[in-house]
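Accompanying notes for the structure given below.
All heavy atoms count here, side chains included; hydrogens, waters and symmetry mates do not. Sequence lines set the chain letters: A, B, ... in the order given, protein chains first and strands last, and positions in each chain run from 1.
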There are 2 protein chains.
Amino acid sequence: METDRLDILGDALAHPSRARMLTALMDGRAFTNKELATYAAITPQTATAHLDRLEYAGLITRLKSGRHAYHRIASEDVASALEMLSTLTANPLPASTPPELRRARSCYNHLAGRLAIEITTALTRKKLLLEENGNFAAQPSAIWGKLGVTLPERPRKQPFAKCCLDWSERKHHIAGPMGTALLENALAERWVMRPKRDARFLEITPLGRSAFAELLDISADRY
Amino acid sequence: METDRLDILGDALAHPSRARMLTALMDGRAFTNKELATYAAITPQTATAHLDRLEYAGLITRLKSGRHAYHRIASEDVASALEMLSTLTANPLPASTPPELRRARSCYNHLAGRLAIEITTALTRKKLLLEENGNFAAQPSAIWGKLGVTLPERPRKQPFAKCCLDWSERKHHIAGPMGTALLENALAERWVMRPKRDARFLEITPLGRSAFAELLDISADRY
DNA sequence: ATAACATTTCGGTTGTGAGCGAAGGGTTAA
DNA sequence: TTAACCCTTCGCTCACAACCGAAATGTTAT
């Protein structure tokens with residue numbers, strides 16, 4: 001029986017410095033070498049070595065631009081798997097998760113946390129979303145436009161809305177292109193904001209609360 | 001931001017010997033120190049050290065019985081997460097998965113592979129299963145008894161049927177108590193058999209093929 | 001051109017994990 | 001009781017990962 005190369009993947013996660021860098025990258029944004037080095041409290045030289053191994057394991061991709069090297073999570077699948085892994089470690093210590101992260105955060109390029117779960121369940125309740133084989137099927141509706149989502153004309157190879165397991169809520173929220181559109185629209189409409197530049201958690205604005213309440217019947221006391 | 005202890009988990013997977021032992025344990029059965037040492041091609045002393053770390057990371061549990069020490073995957077969540085991780089490594093090399101493993105195998109204590117996917121989709125198509133929030137809701141039917149499943153009288157805290165992402169098929173199959181019952185019944189009825197003692201893959205018997213065709217309208221050419 | 005900056009490469013130190021042989025502790029079978 | 005067996009602990013070697021300082025490479029700004 002083969003090794004499945006599970007060890008290469010584990011090796012990439014095995015070091016605190018690498019784990020910290022990955023959590024910083026989890027919201028999908030790209031960071032430079034120096035930023036990640038600062039975040040992990042190591043020198044840039046050492047960060048380079050760590051990022052080499054993360055790239056070798058297929059967890060991140062690099063993009064050189066000018067004198068900067070940008071690093072980001074390689075794919076949405078990687079982000080989902082990392083969220084999934086957190087469920088294992090977070091399980092024995094559910095209370096240790098910071099409340100602001102549980103409320104709303106970005107996962108790769110879509111929303112996560114209680115807000116994301118509420119949005120997903122509201123759309124499911126309205127029969128606009130149907131969970132099926134790890135993806136969501138969407139029904140046409142005027143709501144999508146208000147949420148910043150343009151449904152594809154024809155079915156494509158890549159699923160338009162994928163399920164992503166939320167590690168703090170242990171339920172599925174929306175990933176894939178639809179998830180990206182929802183997050184980008186929410187940021188553009190100032191429904192949610194990113195208070196700190198280097199943080200994953202998101203702040204829900206009063207404008208956002210009323211928008212979610214009006215569009216999806218989500219009362220603010222649910223998140 | 002905290003480290004989430006992702007590194008401890010990665011550290012546990014980081015070594016080829018540990019990765020091999022984990023894949024051997026993935027079908028949910030317990031193995032002794034010596035068996036795992038043989039499997040990983042190392043001495044029992046070294047295996048002890050590795051198993052210490054797997055236990056420390058919460059991935060396995062130990063049970064001493066007589067002069068034997070039995071090791072098994074700590075929980076179904078761990079098994080699911082490991083399957084999930086395999087999707088990352090298996091993705092670039094889809095063809096590398098042995099065909100017999102893709103057809104039918106055991107994952108922790110339930111069925112996985114194409115057979116498991118066919119069973120799950122057949123039950124979903126008949127509206128006997130509804131996927132929801134990472135679990136399956138079951139509708140009463142006479143089929144369950146024939147499949148060896150006894151639905152619980154009242155809703156319980158622990159979900160009776162959970163979703164588990166199949167790494168070779170990338171769809172959800174049935175885990176949880178219902179999954180366990182399905183596998184145990186299939187083994188007891190000799191619908192599937194375990195040809196090799198130390199292998200995860202399962203062989204579907206002619207008896208099994210006719211049973212699945214009759215009960216669930218699954219033609220044999222689908223798996 | 002020169003300076004300032006980001007990143008990477010090189011060299012060397014240090015610490016730790018993996019591995020095995022030998023020995024100890026404990027259980028089962030003869 | 002003795003022998004066989006499984007597991008673990010101890011002691012040791014060896015290899016490699018992590019880290020940083022120094023220096024090289026390449027880019028942007030002055």
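- Of all heavy-atom pairs between B/T150 and B/F160, the closest is O-CZ, 3.5 Å.
- Taking atom CD of residue B/E35 and atom P of nucleotide D/dC5, one finds them 16 Å apart after rounding to whole Å.
- With salt bridges taken as basic N to acidic carboxylate O contacts below 4.0 Å, none links A/D7 and B/R18.
- When the C1' atom of D/dC5 is taken as reference, atom NZ of B/K34 falls 8 Å away, rounded to whole Å.
- Rounded to whole Å, the distance from CG on A/N33 to P on D/dG26 is 17 Å.
- Atoms CD (A/Q45) and P (D/dT25) sit 17 Å apart, rounded to a whole Å.
- In this structure, B/E55 places its CD atom 15 Å from P of D/dC7, rounding to the nearest Å.
- Relative orientation of the B/F212 and B/Y223 rings is perpendicular, given thresholds of 30° and 60° on the angle between their planes.
- At least one donor-acceptor pair closer than 3.5 Å links the side chain of B/E35 to the backbone N or O of B/T32.
- Of all nucleotides in DNA chain C, those with any atom nearer than 4.0 Å to a heavy atom of chain A start and finish, going 5' to 3', at C/dA4 to C/dT9.
- Distance B/L51 CG to D/dT8 P: 7 Å, rounded to the nearest Å.
- Atom NE2 of B/H15 is separated from atom C1' of D/dA17 by 12 Å (rounded to the nearest Å).
- Of the side-chain N and O atoms in A/R53, one or more sit less than 4.0 angstrom from OP1 or OP2 of D/dA18.
- In this model, the phosphate group of D/dA18 is not approached by any side-chain N or O of A/S17 to a distance below 4.0 Å at OP1 or OP2.
- Within the 3.5 Å criterion, the main-chain N or O of B/A69 finds a donor-acceptor partner in the side chain of B/H71.
- Seen from the ring of A/F31, A/R72 does not count as a face-on cation partner, given the 6.0 Å and 45° thresholds.
- At least one donor-acceptor pair closer than 3.5 Å links the side chain of B/T205 to the backbone N or O of B/G208.
- When the nearest nucleotides of DNA chain D are assigned to B/H71 and A/D11 by heavy-atom distance, the more 5′-ward of the two goes with B/H71.
- For the pair A/R20 CZ and D/dC19 C1', the computed distance is 17 Å after rounding to whole Å.
- Counting distance only, with no hydrogens placed and no angle test, the side-chain atoms of B/R67 and the base atoms of D/dC5 include a donor-acceptor pair under 3.5 Å.
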